[in-house]
Amino acid sequence: MSEPAAARSEEPEEAGDAVLRTENLRKTFGGLTATDDVTMEVERGTITGMIGPNGAGKSTFFNLVSGFYEPDGGSVVVNGEETTGMDPHEVTEHGLVRTFQTPRKLEGMTVREAMLVGPQRQLGESVIPLFTQPDAVAAEERQNLQRAEELLERFEITHLADQPATDISGGQLKLVELARAMLAEPDLLLLDEPVAGVNPTLANKLKAIIRELHEDGITFLIIEHDMGFIMDLADPIVVLNQGAVLMEGSPDEVKNDDRVVEAYLGGGGGD
Amino acid sequence: MADDSHEPEDDIEPEGADDGSSAEAGGNGPGGSRSAFEGGVDTSQRRVERLTNYGIAAAAVALLAGVLVGLVSPTYLLFLVSLAGMYALLSLGLNVQWGYAGLINFSVAAFFGLGAYVPALLSASGSPLPWDVSPIAGLFVAVAATVVLALAIGIPTLSLREDYLAIASLGLAEVLRLVVRNQQSWTNGTNGIGGIPLFFEGVPVLGTFASDVGTVDLGIYTLGYQFWNGLLNFAIVAGFVVVSYVVLRRVHRSPWGRVLRTIRSDEDLAEALGKNTYAFRMQAFVLGSVVAMLAGVYYSYSNYFITPGIFDPIFTFYAWIAVILGGSGSNRGALFGGVVIVAIVEGSRGLGVGASWRLFAVGALIIAVMRFRPQGVLPPRKELIWPGAHRGGETDE
């Protein structure tokens with residue numbers, strides 16, 4: 001079941017269909033070039049891993065494709081449409097949803113409530129319908145609530161629903177974030193270090209959930225430092241080094257590539 | 001602490017009577033040290049709410065007793081309650097901006113002043129401008145002018161980081177104040193505008209209500225024109241408060257309000273979840289400004305005479321104090337804060353306490369609240385989900 005290739009072939013999309021494509025993506029901060037000419041593709045139906053030593057530009061890359069940074073050069077194409085320079089919410093509308101390395105907490109909300117921020121284009125997010133069509137808003141809210149509860153159940157965290165979103169553990173928060181991202185119905189989910197600081201049991205659970213969602217047709221791009229986790233889960237794996245793509249290949253190819261070993265050891269940042 | 005088993009259910013949630021209560025019982029038990037809206041603290045929240053209710057009831061009884069023994073005239077009581085409504089409008093408006101969306105808006109006084117000046121300029125006999133619009137039409141023009149001013153302030157500032165918004169909004173409010181003070185030919189400058197008509201002027205029955213009723217002799221008091229007119233003014237401000245409160249209550253617990261609370265907590269997260277945060281912040285800014293503006297409309301029609309002093313930043317700070325005191329993000333907290341402000345401002349005046357001591361008391365109060373109850377006296381309820389949405393969930397469980 002862990003064969004991404006199998007899932008990929010089930011996908012009815014035309015072959016080589018890229019859900020995310022970047023070309024010569026470049027970002028500099030002052031004199032520092034964080035991302036230099038990143039050209040890569042995330043093929044629909046894959047779980048693509050992204051690794052690289054600290055400072056390789058992984059997080060910058062995420063911020064560039066999700067709209068949080070404006071690139072200094074190059075282009076980003078999501079689902080066949082150019083999203084270069086768009087605001088993050090517009091990129092999300094194109095089907096790309098991201099999570100953050102440090103889980104974001106929503107003060108003053110319960111987990112159930114925080115989940116309900118996920119669904120896109122809610123009628124009740126406009127002021128006028130709240131007064132002109134309250135029943136439609138209620139029906140929509142009821143439906144979203146039900147979906148949220150289903151996901152919490154699927155992720156086996158139903159018991160957290162009434163908890164304040166600020167009160168749950170980091171690992172639980174990662175699960176909630178993933179569940180909420182699913183409510184946004186993404187085509188491509190970008191996970192930034194999903195198992196950083198998460199205990200091994202929960203990490204395995206996350207892995208199983210990601211696989212399950214992948215089988216449901218979600219494409220993943222995952223940054224992860226935990227080699228065991230990412231090598232087991234992702235295929236292909238993209239290696240970034242010094243702001244550029246060093247290589248791309250299957251986990252075995254990556255493991256046995258001298259340049260990758262060199263980057264991690266020589267770069268001085270491996271962990 | 002006190003057993004709260006018979007306390008009315010804190011919030012809407014008819015959902016999962018069994019499921020929810022068991023979770024809550026866990027929280028209410030030994031683990032009383034959990035944070036925020038966990039059960040253990042809920043108990044202390046309920047205690048504060050009960051104390052607040054008693055306090056308000058005691059103040060009301062004291063005022064009514066004062067009326068009965070002849071210490072407080074009914075006309076003054078009406079004025080006090082109306083004033084509380086006016087401050088409540090300022091704080092309800094600011095609460096939309098700061099409490100819901102986390103916007104640090106220091107231009108509340110600009111909208112208060114606008115709400116007073118636009119109708120006055122349009123309908124007062126002392127206005128330097130030639131128009132003579134009916135006061136009720138003046139209200140609608142004021143709403144339109146507020147939307148325009150809110151957009152004018154919001155467009156350049158709402159894309160700024162919060163702390164810049166604070167400075168920029170304060171600056172723009174001061175600019176408006178100085179323009180009104182100095183642009184003699186349009187605003188009469190520091191001479192102010194007199195001859196503001198009554199709000200209901202020209203309206204059948206209500207327009208002449210105060211003079212038609214005549215005087216009613218109640219023994220210790222004679223209720224004359226002043227009283228009946230005060231009653232009309234009270235009706236105006238009460239109408240504004242009730243409509244605003246009903247509207248805000250609804251939007252607060254809607255998906256719209258939820259997005260604003262997300263933005264307040266973490267704007268990046270809201271963006272990542274596909275919310276156009278700039279648009280939402282703008283909507284909150286405009287909506288809050290319209291509500292605060294209504295306070296100015298009331299002020300204008302109840303005072304017959306206004307000066308640029310109404311643009312004074314002190315009104316902004318009173319609104320902030322009311323919101324922080326009441327509990328940021330809480331509509332009823334904003335109402336409560338407005339009442340407390342009036343109690344301080346008018347109470348200190350009644351006791352003959354000087355202005356400097358009044359400001360000192362306000363400052364001390366804020367420090368005490370931040371030290372002992374940073375969430376405010378009546379913080380928002382623990383979970384806000386559109387009413388009726390839970391029905392489906394209930395049958396599920």
Side-chain angles (χ1 to χ4, degrees), chain A residues 66-68 87-93 97-100 104-110 112-114 116-127 129-131 134-135 137-146 148-150 158-159 161-167 177 180-181 183-184 186 190, chain B residues 13 15-16 19-20 22-24 26-27 34-39 247 250-251 253-262 264-280 283-284 286-287 328-329 375 379-393 396-397:
Chain A
S66 59
F68 281 90
D87 283 339
H89 70 265
E90 295 170 302
V91 177
T92 302
E93 280 162 23
V97 174
R98 69 166 296 176
T99 65
F100 295 89
R104 307 295 181 112
K105 300 186 171 189
L106 288 178
E107 256 170 66
M109 291 195 195
T110 59
R112 177 187 295 115
E113 211 181 342
L116 291 176
V117 187
Q120 300 296 295
R121 289 177 293 278
Q122 297 182 40
L123 179 68
E125 285 175 358
S126 308
V127 173
L130 300 179
F131 298 94
D135 292 338
V137 172
E140 176 195 63
E141 185 91 330
R142 194 151 48 229
Q143 201 185 345
N144 287 335
L145 204 56
Q146 201 180 340
E149 270 158 13
E150 278 164 16
T158 310
H159 59 286
D162 290 312
Q163 297 276 322
T166 41
D167 255 23
E177 284 207 317
R180 180 174 54 209
L183 284 174
L190 266 59
Chain B
E13 328 179 65
E15 161 265 351
D19 189 62
S22 67
E24 215 167 79
R34 299 292 225 95
S35 80
F37 21 67
E38 232 354 73
V247 167
R250 180 168 285 205
V251 299
R253 54 202 286 199
S254 73
W256 183 81
R258 193 158 57 221
V259 173
L260 292 186
R261 277 175 287 134
T262 308
R264 184 181 209 265
S265 224
D266 191 328
E267 187 172 356
D268 283 351
L269 177 61
E271 275 282 333
L273 290 171
K275 316 302 178 192
N276 184 350
T277 55
Y278 180 70
F280 278 100
Q283 290 163 14
V286 172
L287 179 62
S328 301
Q375 74 273 41
R381 296 178 188 273
K382 64 172 183 175
E383 186 171 72
L384 294 160
I385 284 176
W386 189 252
H390 264 311
R391 260 177 281 137
D396 236 20
E397 280 170 3

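Here is how names work: the chains are called A, B, and so on, in the same order as the sequence lines, proteins then strands, and each is numbered from 1.
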* Test Val247(B) against Phe131(A) for side chain to side chain contact (heavy atoms under 4.5 Å, CB included), laying out the working first. => CA-CA 9 Å; Val247(B) 167; Phe131(A) 298 94; 3.6 Å; yes

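- Ala272(B) and Thr92(A) make their closest contact through O-OG1, 3.0 Å (heavy atoms, listed as atom of the first residue, atom of the second, distance).
- Distance check, rounded to the nearest 0.5 Å: CZ of Arg104(A) to CG of Leu273(B) gives 11.0 Å.
- Contact detail for Ser254(B) and Gly124(A): the closest heavy-atom pair is OG-O, 4.0 Å.
- Residue Pro186(A) does not touch chain B at all, counting heavy-atom pairs closer than 4.5 Å.
- Looking only at side-chain heavy atoms (C-beta outward), Phe68(A) and Glu271(B) come within less than 4.5 Å of each other.
- For Val251(B), the parts lying under 4.5 angstrom from a heavy atom of chain A are both the backbone and the side chain.
- Between the Lys275(B) side chain and the Glu125(A) main chain, no donor and acceptor come within less than 3.5 Å of each other.
- Here Arg264(B) contributes atom CZ and Leu106(A) contributes atom CG; the two are 12.5 Å apart, rounded to the nearest 0.5 Å.
- In this structure, the side chain of Arg250(B) engages the main chain of Leu130(A) through a donor-acceptor pair within 3.5 Å.
- Glu267(B) pairs by the salt bridge (Lys or Arg N to Asp or Glu O under 4.0 Å) definition with Arg281(B), not counting sequence neighbours.
- One finds no salt bridge joining Arg253(B) and Glu113(A) here, because no Lys/Arg side-chain nitrogen approaches an Asp/Glu carboxylate oxygen to under 4.0 Å.
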* From CA spacing to verdict: side chain to side chain contact (heavy atoms under 4.5 Å, CB included), Val117(A), Arg261(B) -> CA-CA 10 Å; Val117(A) 187; Arg261(B) 277 175 287 134; over 6 Å; no

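- Between Val259(B) and Gln122(A) the shortest side-chain heavy-atom distance does not fall below 4.5 Å.
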* Stepwise, does the side chain to side chain contact (heavy atoms under 4.5 Å, CB included) test hold for Thr277(B) with His89(A)? -> CA-CA 8 Å; Thr277(B) 55; His89(A) 70 265; 5.7 Å; no

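- Between the Glu107(A) side chain and the Ser265(B) main chain, no donor and acceptor come within less than 3.5 Å of each other.
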* CA sep, side-chain torsions, deciding dist, call: Glu93(A), Asn276(B), side chain to side chain contact (heavy atoms under 4.5 Å, CB included) -> CA-CA 10 Å; Glu93(A) 280 162 23; Asn276(B) 184 350; 5.8 Å; no

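- Within the 4.5 angstrom heavy-atom criterion, only side-chain atoms of Phe280(B), from C-beta onward, approach chain A.
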